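A quick note: this is a predicted structure, and the numbers were derived from the prediction, not measured.
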Amino acid sequence: MEAEMSIENSKFSSRVLIRSIVNRSDGGESLAGEKMKIGGWVKTGREQGKGSFAFLEVNDGSCPTSLQVIVNSSVTCLSTLVQTGTCVYVEGVLTKTPQGTKQKVELKVDKLLHVGPVDSATYPIPKTKLTLERLRDFVHMRPRTNTISAVARIRNALAYATHTFFQMHNLYVHTPIITTSDCEGAGEMFQVTALFSDADKVDKELKQKPPPSEADIEAAKKLVSEKGEAVKSAKAKKEDITDLVTELKKAKDDLTRLEERFKLKPGLPEKDGKIDYTRDFFARQAFLTVSGQLQVETFACALSNVYTFGPTFRAEHSHTSRHLAEFWMVEPEIAFADLEDDMNCAEEYVKFLCKWLLEHCRDDMEFMVKNFDKTAIDRLEMVSSTPFERITYTRAIELLKDVDAKVKTFEKKVEWGIDLASEHERYLTEVMFKKPVIVYNYPKDFKAFYMRLNDDLRTVAAMDVLVPKVGELIGGSQREERYEVIEKRILDSGLPLEPYEWYLDLRRYGTVKHSGFGLGFERMVLFATGLDNIRDVIPFPRYPGRADL
């Protein structure tokens with residue numbers, strides 16, 4: 001709640017945030033009689049008293065609650081103000097509302113400072129509720145809706161909480177978005193290349209100015225030879241010799257340019273029947289990253305405790321409600337830490353996020369409870385206060401196998417060696433234990449090469465944090481610090497050693513036990529809000545066929 005004191009203007013603006021009025025414990029009553037400016041967008045508006053005044057519900061995005069604003073017709077033409085979506089910036093006096101009214105105060109306007117009008121016939125966000133799926137067609141306008149603005153504030157709070165948590169212990173490292181390493185080894189990466197644009201430029205250039213012929217090249221070479229001989233045999237004054245040398249240099253430069261143009265060929269450059277990536281911008285194949293983990297390990301192996309938080313990309317042709325082509329990952333990496341330390345950090349972090357939302361985003365969470373998921377706040381409270389269950393993968397398989405077919409039939413058969421599906425993960429956390437579950441020591445066959453091989457040679461020191469609503473929220477592991485072991489794991493995974501030589505150097509020189517994990521940030525927002533589709537919890541969703549704006 002805002003402190004109970006005289007109202008202050010928003011930082012860097014002469015207006016008052018609506019949040020600082022309506023979020024007071026008295027609903028703003030103590031501010032009655034104060035003159036102030038507020039700005040925002042009209043949610044609903046209606047003319048009353050035969051057009052003598054209008055009620056506007058104005059929201060500025062600072063909180064889910066709108067402020068009621070009253071404007072008399074003597075101030076301005078009311079018909080331009082009452083349309084949904086209209087932007088208004090007004091000055092007036094805050095007054096108490098009649099007894100029994102929902103809001104405690106309203107603003108009576110005496111001056112209109114700005115109006116951004118709306119054509120109601122074409123405005124894409126009407127008063128009537130649109131489905132979240134339909135709103136994706138207006139991604140540039142959907143932040144004006146109650147739902148997306150609430151999600152944006154919740155997402156912002158989770159990002160702030162993330163930095164707050166890790167800044168207490170870890171150093172923030174910006175890892176590259178463009179990479180030459182495939183962290184997951186799945187090959188589903190977006191390629192970064194300038195070859196196509198370069199080829200287009202060459203094609204356009206060749207059409208405008210055809211390349212020189214072999215005869216042109218020979219003529220240029222002959223001229224260079226003649227100018228060279230002239231310099232050698234010159235017995236003239238020093239000034240004349242200087243002129244001859246200048247002419248020779250020009251002839252050589254012209255020859256070089258001609259030879260470069262002579263080599264130009266339409267289309268992509270090839271070598272031995274394949275695309276020649278040595279002619280590309282980075283002189284090799286490059287991709288958008290699927291994870292900053294491998295790179296951030298280089299700093300963990302020098303600065304001990306680090307984390308990265310940034311966008312990652314996956315070229316997976318999936319249309320499920322859990323997949324995006326562009327998404328954000330939180331990835332801490334801790335030196336001198338084993339799998340147990342990793343699980344402790346992950347559990348404490350998730351609990352911290354839940355507590356943060358309960359303390360700092362209560363009004364938005366109440367909106368989500370009212371409109372989407374009645375259990376959202378209860379779920380946050382449960383996770384923030386309950387010790388996570390920890391079981392091995394082998395134990396998880398045993399428990400799932402024992403599930404009576406009359407109670408639950410899984411689509412994917414349960415047997416040791418499978419990668420747990422979402423249905424298995426959610427059954428463990430939602431039905432069996434009714435709280436978060438950490439499953440650890442997975443079979444090595446479907447886990448990444450960098451996860452530490454256990455002594456049984458069948459499993460790796462990997463762990464997943466499973467939570468109700470979404471299943472897997474975090475995936476992590478103790479990293480393989482033994483050089484010979486990780487080298488073999490890379491080769492066994494069918495990956496070439498060359499792109500990972502720098503990664504192997506971390507094991508060659510001063511190797512250290514270290515662990516880390518990745519939290520899918522959008523999954524955390526899904527878990528918190530109770531929404532069903534991941535495309536609705538990221539500002540600008542990218543998925544197959546869609547990359548708006």
Side-chain angles (χ1 to χ4, degrees), residues 155 158-159 161-163 165-166 169-177 179 181-186 188-189 287-301 305-316 318 322-335 337-339 341-353 388 419-420 422 425 436-440 442 446-452 460-467 470-480 503 514-528 534 537-538:
R155 184 183 175 99
L158 287 169
T162 290
H163 287 296
F165 178 82
F166 285 112
H169 314 286
N170 298 48
L171 185 77
Y172 183 31
V173 176
H174 296 144
T175 50
I177 290 175
T179 179
S181 302
D182 183 357
C183 177
E184 301 298 328
E188 296 166 337
M189 303 177 76
F287 309 90
L288 294 180
T289 185
V290 298
S291 168
Q293 178 211 310
L294 299 190
Q295 288 83 1
V296 86
E297 280 187 55
T298 66
F299 277 76
C301 293
N305 293 358
V306 296
Y307 74 105
T308 185
F309 180 10
T312 53
F313 309 84
R314 188 72 60 83
E316 184 177 0
S318 175
R322 292 290 185 272
H323 287 87
L324 288 167
E326 177 182 302
F327 51 99
W328 286 63
M329 292 288 290
V330 179
E331 299 174 291
E333 200 71 29
I334 308 168
D338 59 19
L339 185 63
D341 300 317
D342 204 33
M343 291 189 285
N344 292 341
C345 180
E347 179 171 344
E348 189 174 332
Y349 170 47
V350 173
K351 287 182 175 180
F352 185 89
L353 293 180
F388 292 9
D419 192 1
L420 295 178
S422 179
E425 295 168 343
V437 178
I438 302 180
V439 179
Y440 63 96
Y442 281 84
F446 59 79
K447 287 296 185 180
F449 67 85
Y450 52 75
M451 298 182 177
R452 195 181 201 279
V460 288
M463 64 90 181
D464 289 339
V465 178
L466 315 179
V467 294
V470 300
E472 182 189 338
L473 179 64
I474 284 176
S477 70
Q478 181 176 337
R479 315 312 189 189
E480 182 57 76
Y503 192 65
H514 59 288
S515 300
F517 61 80
L519 173 136
F521 194 64
E522 283 71 33
R523 290 197 175 194
M524 183 63 209
V525 184
L526 270 184
F527 165 76
I534 202 166
V537 298
I538 190 169

Any side-chain donor near an acceptor of the partner, Tyr450 and Gln293, under 3.5 Å = yes
In Å, rounded to the nearest 0.5 Å, how long is the span from CZ of Phe309 to CH2 of Trp328?
-> 6.5 Å
Just wondering, do Ser477 and Lys447 contact through their side chains at under 4.5 Å, heavy atoms?
-> no
Only one of Tyr349, Phe166, Phe517 passes ring-ring contact (aromatic ring centres under 6.0 Å, His included) with Tyr307; say which it is.
-> Phe166
Can you check whether Ile177 reaches Leu288 side chain to side chain, under 4.5 Å on heavy atoms?
-> yes
Drop me the distance from Met343's CE to Ile474's CD1, to the nearest 0.5 angstrom.
-> 12.5 Å
Sequence neighbours excluded, the answer for side-chain hydrogen bond (donor to acceptor under 3.5 Å, both in side chains) partners of Asp464 is Tyr442
State, to 0.1 Å, how close Thr289 and Pro311 come at their nearest heavy-atom pair, and which atoms those are.
-> CG2-O, 3.9 Å
Distance, nearest 0.5 Å, that separates CG of Asp341 from OG of Ser515 = 6.5 Å
Can you check side chain to side chain contact (heavy atoms under 4.5 Å, CB included) on Met329 and Ser291, steps first, answer last?
-> CA-CA 7 Å; Met329 292 288 290; Ser291 168; 5.8 Å; no
Roughly how far apart are Leu158 CG and Phe527 CZ, rounded to 0.5 Å?
-> 10.0 Å
Carboxylate-amine/guanidinium proximity below 4.0 Å for Glu522 and Arg322 = no
Met189 and Thr179: side chain to side chain contact (heavy atoms under 4.5 Å, CB included), yes or no, with the steps?
-> CA-CA 10 Å; Met189 303 177 76; Thr179 179; 4.1 Å; yes
For the pair Cys345 and Ile334, evaluate side chain to side chain contact (heavy atoms under 4.5 Å, CB included) and give the outcome as yes or no after the intermediate values.
-> CA-CA 10 Å; Cys345 180; Ile334 308 168; 4.0 Å; yes
Closest non-hydrogen atom pair between Ile538 and Glu326, with its separation = CD1-O, 3.5 Å
Euclidean distance, Tyr503 OH relative to Leu294 CG, rounded to 0.5 Å | 5.0 Å
What do you reckon, is CZ of Phe299 surrounded by more than 12 foreign heavy atoms closer than 6.0 Å?
-> no
If we only count heavy atoms from C-beta on, is the Leu353 to Phe165 side-chain gap below 4.5 Å?
-> no
May I ask you to test the Val290-Glu188 pair for a side-chain heavy-atom distance under 4.5 Å?
-> no
Find the distance between CD (Glu480) and NE2 (His514) and round it off to the nearest 0.5 Å.
-> 9.5 Å
Look at the rings of Tyr172 and His163 and say which category their plane angle falls in: under 30° parallel, 30 to 60° tilted, over 60° perpendicular.
-> perpendicular
side-chain contact (heavy atoms from CB on, under 4.5 Å), paired with Leu339, selected from Met451, Arg452, Met463 | Met463
Kindly say whether Glu472 contributes a backbone atom to a donor-acceptor pair with the side chain of Arg523 at under 3.5 angstrom?
-> yes
Do the side chains of Leu473 and Met524 get nearer than 4.5 Å, heavy atoms only?
-> yes
